[in-house]
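Convention: sequence-line order gives letters A, B, ...; per-chain numbering from 1. The figures here come from the full heavy-atom set of this structure, side chains too, leaving out hydrogens, waters and symmetry mates.
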2 protein chains.
Amino acid sequence: KMAQHALLSADEDWFVPSTAASKRVVNPIRRVVDHIKIKPNPAKALIPLSIGDPTNFGNLPTASTLTDALAAALQSGRYNGYPPSAGYAESRAAVAKFHSLPGYELTANDVIIASGCSGALEICISALVEPGKTLLVPNPGFPLYQCIAVTRGAEVKHYQLLPDKNWEIDLASLEALIDDTTAAIVVNNPSNPCGSVYSVEHLRDILALAERYRITIIADEIYGDMAFEGAKYVPMASLTESVPIISVSGIAKRFVVPGWRVGWLVVYDKKGRLNKEVREGLMSLTQIILGSCSLIQAALPAALLQTPPAFLDNLVLTLQKNAFACERGINKIEGLRANKPQGAMYLMVAIDISQFSDFKDDVEFSSKLLAEESVFVLPGQCFGIVNFVRLVFCAPIEKLEEACDRLAAFCDRHRRPTKKSKAAN
Amino acid sequence: KMAQHALLSADEDWFVPSTAASKRVVNPIRRVVDHIKIKPNPAKALIPLSIGDPTNFGNLPTASTLTDALAAALQSGRYNGYPPSAGYAESRAAVAKFHSLPGYELTANDVIIASGCSGALEICISALVEPGKTLLVPNPGFPLYQCIAVTRGAEVKHYQLLPDKNWEIDLASLEALIDDTTAAIVVNNPSNPCGSVYSVEHLRDILALAERYRITIIADEIYGDMAFEGAKYVPMASLTESVPIISVSGIAKRFVVPGWRVGWLVVYDKKGRLNKEVREGLMSLTQIILGSCSLIQAALPAALLQTPPAFLDNLVLTLQKNAFACERGINKIEGLRANKPQGAMYLMVAIDISQFSDFKDDVEFSSKLLAEESVFVLPGQCFGIVNFVRLVFCAPIEKLEEACDRLAAFCDRHRRPTKKSKAAN
Ligand SMILES: Cc1ncc(COP(=O)(O)O)c(C=O)c1O
Ligand SMILES: Cc1ncc(COP(=O)(O)O)c(C=O)c1O
């Protein structure tokens, strides 16, 4: 029965293959960025606006409620053991309290603590999709949804977001994708990479579609409450009695500590549609890697329930100032355009590629921007859309303004001669 | 195309199924323990010797190198951002240094930091097994190997450990399981639940088999260095030039902080057999949940490279005293028998069930022991073997001695009359 092995004699033939699943883990950010072999211009200081890590510049501190509680947990020596695989009861209860809605009190049983919001996504996507099933995800969108689903052998279909309607979902395109294999829709609001925050009306339209076709929603609300002047964040679960919603979030962005890897999922399901199987599936899946760091979990109740509102207010105000400064800077540049930023930490910048002579697309635009101006932004192709670039506006405002100035100079240098002279080409 | 949905009108018909993968996550410990509905005897203080959590009794402190480095990392504010998905370079380098062998220097590239040793197992099992492939795992053994493999849709086959040969592997049973689908063999040394530590000769025999059939070994060495008088722990990778070994470990047991969820895998592969695909697969898989807490990772170099040897020596000495006391206590009891403990934190106790009148098996034995004597040990069925119980010897020695006394009284009460009177039944 070992015929194949017995036939091999040369040592070089001992080749160990890896699994299809591991090959399917494609992180498009990495795939695209790895192709950008360009180095920054050594004559200019690098301004990296590429990665969604709000700690990059040290200008956004975390909350002392969190760090104090963590120091106390460490000091106490009482949180070194294994927490239950779904998290400490007190931590789950704190998340439940934090995410309870008027008329919908959550309990600790509705919450699972996970290894970051990523871990929470892994658990709920693994509980809902499998080979033969489809997950509907936004385009442009955060690549992890697809990455998890295809690793689990499921199919992913992309519904379109509309840049000219403030990145709202193209509901017709969404509806056209729904079929009997549809297991769930991921709705990311506020959005990475779009920086959009959906109105109540739009959320209701999405929910109506989910209700009509009886589809569970995974609401990625990790940027919840991070909404700017003129926009208002509303949790999806507050708008439905009928559609089951698994909302995922975490401390990464809200408390500016993405490295600490604590997130959670919250099951909102008034009608109990997930009770028969899915809740059990979610719980079972927590038993594989046994969750996140006990010390950070122990600090969650203080962080979530005792942090003064001023902490988040200040963070959002800083981000808002940054965002608006970037928007102003960008919209002064001919050939670039940005919507008014509504929330999160991201601005999508449309490139009118026809106005420029030296780039065929967003990848080339951002490569050359890095090479010439040492400003690093991610091409839209990382998120599934061409001829946009994503700018993270967490850096100090001076750096953002400097980046906009460099962008302007860069665009001026590469802009085609005016239309008339263009005809002469 | 939505015919099925359209036909459903009653609200109750909106049923959301969960995935086969989530249903396949079976934790046999939980399955067995959940059937033990028994409550402890309220007249006696509970002595829980069931869970492999060395922090349970507060008698085994962690190392101050680790807690000091963690406090400093927190204080510095420099470790709040996302580490690379495989871990900080410095942390990976520290693990590489820690696990380098004479004649085999590892580098940071050979190491992946993960969410506990469990997370490391998830990554390497997911990189190696998939539907159509088989993972060979020990019986009795730690249930997580099977749990991960079947969740990934692969098959698991159990090779037998021999209680009468100090829980060595029955090599004939192992060889008989090998076929063209065999993707890897998990070898757990020192062993949970057996408390055995394999000799160099035995490890060489296992490696010879792996070499003959060209099979990768996953060496679960999380209890490495935790060996008692008369036994010596030798890393598998030190004994082979040819067989690729992925060794997994972590800080959970060695530093008595299982809740902190930091572990790692180390690739030992002198001949580069894993280079073409597997290393890349391992790296890709880290991108899903993005690893473990940045702060604990930042404390790893100090913990691994600056902890005085006395820390581990003291821990092992305490465990050894406990282990030997348990063995003495158990072997005084007629009908029970334990091998001389060699390492880790576990003692497997054989029950000669024929000597007792009131239990049909280990599950009933441990249920009644809990109900009558408030001593909680896990039945062997949690680990795939009947008529053994596993005892965790991390508790303070007085508690362990008290537990043995209660076990003796319990066995005396339930022992059948002597052979002669037995004939009269
Ligand atoms: C939309 C979205 N969801 C989830 C995550 C992952 O969050 P975490 O770091 O908690 O895993 C991110 C991180 O950037 C994100 O942008
Ligand atoms: C043999 C073995 N491997 C792995 C693990 C998991 O270790 P961690 O807590 O680091 O995930 C354990 C935990 O008990 C174990 O006994």
At a heavy-atom distance under 4.5 Å, which candidate from [options] has the highest pair count against chain A?
options	value
B:A127, B:G52, B:G119	B:A127
B:A184, B:C147, B:P244	B:P244
B:V256, B:L70, B:I148	B:L70

Which of [options] touches chain B most, by non-hydrogen pairs under 4.5 Å:
options	value
A:I123, A:V243, A:I51	A:V243
A:S118, A:S22, A:P258	A:P258
A:G263, A:G281, A:S284	A:S284

Report the C-alpha separation of A:K276 and B:F15 in whole Å, then their side-chain angles, then the decisive distance to 0.1 Å, and conclude whether the side chain to side chain contact (heavy atoms under 4.5 Å, CB included) test is met. CA-CA 8 Å; A:K276 271 195 198 149; B:F15 162 68; 3.4 Å; yes
Of the backbone (N, CA, C, O) and the side chain (C-beta and beyond), which part of [X] lies under 4.5 Å from a heavy atom of chain B, both, or neither?
X	value
A:T151	side chain
A:A20	both
A:V129	backbone
A:R24	neither
A:L128	both
A:I288	both
A:S126	backbone

With a 4.5 angstrom heavy-atom cut-off, could you sort out which part of [X] is near chain A: side chain, backbone, both or neither?
X	value
B:R152	side chain
B:T55	side chain
B:T62	side chain
B:Y79	backbone
B:E122	side chain

Measure the spacing between [atom1] of [X] and [atom2] of [Y] and express it to the nearest 0.5 Å.
X	Y	atom1	atom2	value
A:E130	B:K23	CD	NZ	7.5 Å
B:W14	A:R214	CH2	CZ	7.0 Å
B:S18	A:M283	OG	CE	13.5 Å

Shortest non-hydrogen contact from [X] to [Y]?
X	Y	value
A:A252	B:Y82	CB-OH, 4.3 Å
B:N80	A:W260	OD1-NE1, 3.1 Å
B:K133	A:P17	NZ-CG, 3.6 Å

Can B:L74 and A:L74 be said to form a side chain to side chain contact (heavy atoms under 4.5 Å, CB included), step by step? CA-CA 10 Å; B:L74 171 59; A:L74 170 59; 5.6 Å; no
Would you say B:S294's side chain and A:G259's backbone share a donor-acceptor pair under 3.5 angstrom?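 Yes, the answer is positive, given that a donor and an acceptor are paired below the 3.5 Å cut-off.
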State whether the side chain of B:D53 and the backbone N or O of A:G81 hold a donor-acceptor pair below 3.5 Å, judged by distance alone.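 A pair under 3.5 Å: no.
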CD/A:E277: more than 12 non-hydrogen atoms of other groups inside 6.0 Å: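 Yes - once you tally the heavy atoms of other residues, nucleotides and ligands closer than 6.0 Å, there are more than 12.
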Apply side chain to side chain contact (heavy atoms under 4.5 Å, CB included) to B:L295 and A:L295, showing your working. CA-CA 10 Å; B:L295 295 171; A:L295 295 171; over 6 Å; no
